[in-house]
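Note that the structure is a prediction, hence the values are computed from the model and not measured.
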Amino acid sequence: MNTPALELRGITKVYGQGETAVQAVAGVDLVVEHGEHVAVMGASGSGKSTLMHVLGCLDTPTSGTYRLGGLDTGALDDRRLALLRNRRIGFVFQSFNLIPRTTALANVELPLAYAGVRGKVRKERAQAALDRVGLANRVDHLPSQLSGGQQQRVAIARAIVTEPLLLLADEPTGALDSHSTEEVLQLFDQLNAEGRTIVVITHEEEVAARSGRVLRMFDGKVYQDERRVGRARTPAHRSQRDVGEVVR
């Protein structure tokens with residue numbers, strides 16, 4: 001597969017107009033290959049969260065081109081962008097974003113339900129994803145019955161259950177203690193070793209140190225792109241579906 005997992009060319013994002021305009025992202029060029037594990041770092045206001053929103057198709061850039069798996073996201077309408085987010089991007093957030101009164105299994109099933117996957121297959125895939133993150137014995141537990149680390153692993157299971165092209169994590173260990181942080185980071189290591197493409201937004205050096213590539217942002221620009229020696233890119237995780245196919 002010669003097409004990068006994601007490619008940004010001249011991406012800008014401006015909020016407001018005139019004298020009150022703020023340029024949150026200022027001309028970012030970025031190529032991430034399949035199977036890379038990338039950390040994006042920067043202080044508050046550096047643009048890393050806005051960049052994450054663009055990468056996740058949660059927000060559209062003011063200018064520039066963003067291609068995900070070779071597909072120009074700027075050419076998609078709202079419906080097809082929603083399909084792309086559901087089927088090709090897995091999200092992991094600091095606050096877990098689990099439905100409180102719904103079991104771990106049902107939380108993981110949710111993106112499959114939106115994708116139209118039928119009940120029996122949906123349940124089997126959700127169970128397999130929970131098993132993958134070490135929670136096969138917690139499928140019937142509510143989020144309130146799980147520790148913070150376990151809740152984040154449920155969120156990771158939900159993120160990978162659709163076999164996404166991109167796993168996008170926003171401060172995934174920000175609400176966790178040191179033990180749970182290590183569990184989550186080990187899980188990311190394992191997923192990347194399987195060839196999954198992972199982009200982590202973080203302000204923690206400990207988290208960034210686990211990646212093979214670190215981007216540092218300031219004033220909306222990537223001012224440093226560091227590849228870690230000894231953290232070679234793994235073979236790409238292969239999906240059976242073309243990116244364009246899922247949004248038609």
Stepwise side chain to side chain contact (heavy atoms under 4.5 Å, CB included) test for Gln23 and Lys221: CA-CA 10 Å; Gln23 191 170 40; Lys221 299 180 179 180; over 6 Å; no

Please test Arg122 against Glu124 for salt bridge (charged side-chain N to carboxylate O under 4.0 Å, His left out), starting from the C-alpha separation and ending with a verdict. CA-CA 6 Å; Arg122 186 170 71 228; Glu124 290 173 349; over 6 Å; no

Assess whether salt bridge (charged side-chain N to carboxylate O under 4.0 Å, His left out) is satisfied between Glu36 and Arg227, documenting all intermediate values. CA-CA 10 Å; Glu36 282 199 89; Arg227 295 182 184 273; 2.9 Å; yes

After noting the C-alpha distance and the side-chain angles of Val139 and Thr103, does the key distance pass the side chain to side chain contact (heavy atoms under 4.5 Å, CB included) rule? CA-CA 7 Å; Val139 295; Thr103 66; over 6 Å; no

Set out, in order, the CA-CA distance, both residues' side-chain angles and the distance that settles side chain to side chain contact (heavy atoms under 4.5 Å, CB included) for Leu71 and Leu76, then state yes or no. CA-CA 9 Å; Leu71 182 67; Leu76 304 180; 3.9 Å; yes

Show your reasoning for whether salt bridge (charged side-chain N to carboxylate O under 4.0 Å, His left out) applies to Arg210 and Glu205. CA-CA 9 Å; Arg210 303 293 279 264; Glu205 292 288 349; over 6 Å; no

Could you check Val154 against Leu135 for side chain to side chain contact (heavy atoms under 4.5 Å, CB included), going step by step and ending with a plain yes or no? CA-CA 8 Å; Val154 172; Leu135 292 177; 3.6 Å; yes

Steps toward side-chain hydrogen bond (donor to acceptor under 3.5 Å, both in side chains) verdict (Ser63, Thr12): CA-CA 5 Å; Ser63 63; Thr12 69; 2.5 Å; yes

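Counting heavy atoms from C-beta on, the side chains of Gln152 and Ser180 never come closer than 4.5 Å. Within the 4.5 Å cutoff, no side-chain heavy atoms of Ile156 are placed close to those of Phe96. Leu8 places none of its side-chain heavy atoms less than 4.5 Å from the side chain of Thr65. With contacts defined as side-chain heavy-atom distances shorter than 4.5 Å, the pair Val199/Leu55 qualifies. Glu226 has its side chain within reach of Arg216: a pair of non-hydrogen atoms, C-beta onward, lies under 4.5 Å apart. Within the 4.5 Å cutoff, the side chain of Leu81 has heavy atoms near those of the Cys57 side chain. Side-chain contact between Arg67 and Leu6: absent, with no pair of heavy atoms (C-beta onward) separated by less than 4.5 Å.
Sparse packing is recorded around CZ of Phe218, with 12 or fewer heavy atoms of other residues, nucleotides or ligands lying under 6.0 Å away. In Asn137, the CG atom is crowded: over 12 heavy atoms of neighbouring residues, nucleotides or ligands sit closer than 6.0 Å. Tyr223 OH: more than 12 foreign heavy atoms inside a 6.0 Å radius.
Salt-bridge annotation for Glu109 and Lys123: absent, with no side-chain N of the basic residue lying under 4.0 Å from a carboxylate O of the acidic one. Between Arg213 and Glu33, none of the side-chain N atoms (NZ, or NE/NH1/NH2) sits under 4.0 Å from a carboxylate O, so this pair counts as no salt bridge.
Counting only N and O atoms by type, the side chains of Glu204 and Thr173 include a donor and acceptor under 3.5 Å apart. Residues Gln186 and Glu182 have side chains that bring a donor and an acceptor to within less than 3.5 angstrom of each other.
Screening Asn192, Leu191, Leu168, Leu166 for a side-chain contact (heavy atoms from CB on, under 4.5 Å) with Thr197, the sole residue that qualifies is Leu166. For the side-chain contact (heavy atoms from CB on, under 4.5 Å) test with Met41, the passing option among Val200, Val214, Ile201 is Val214; the others fail.
A cation-pi arrangement is found for Lys13 relative to Tyr15, the charged atom lying closer than 6.0 Å to the ring centre and inside a 45° cone about the ring normal.
Here the OG atom belonging to Ser49 is positioned 11.5 Å from the CG atom belonging to Leu58, to the nearest 0.5 angstrom.
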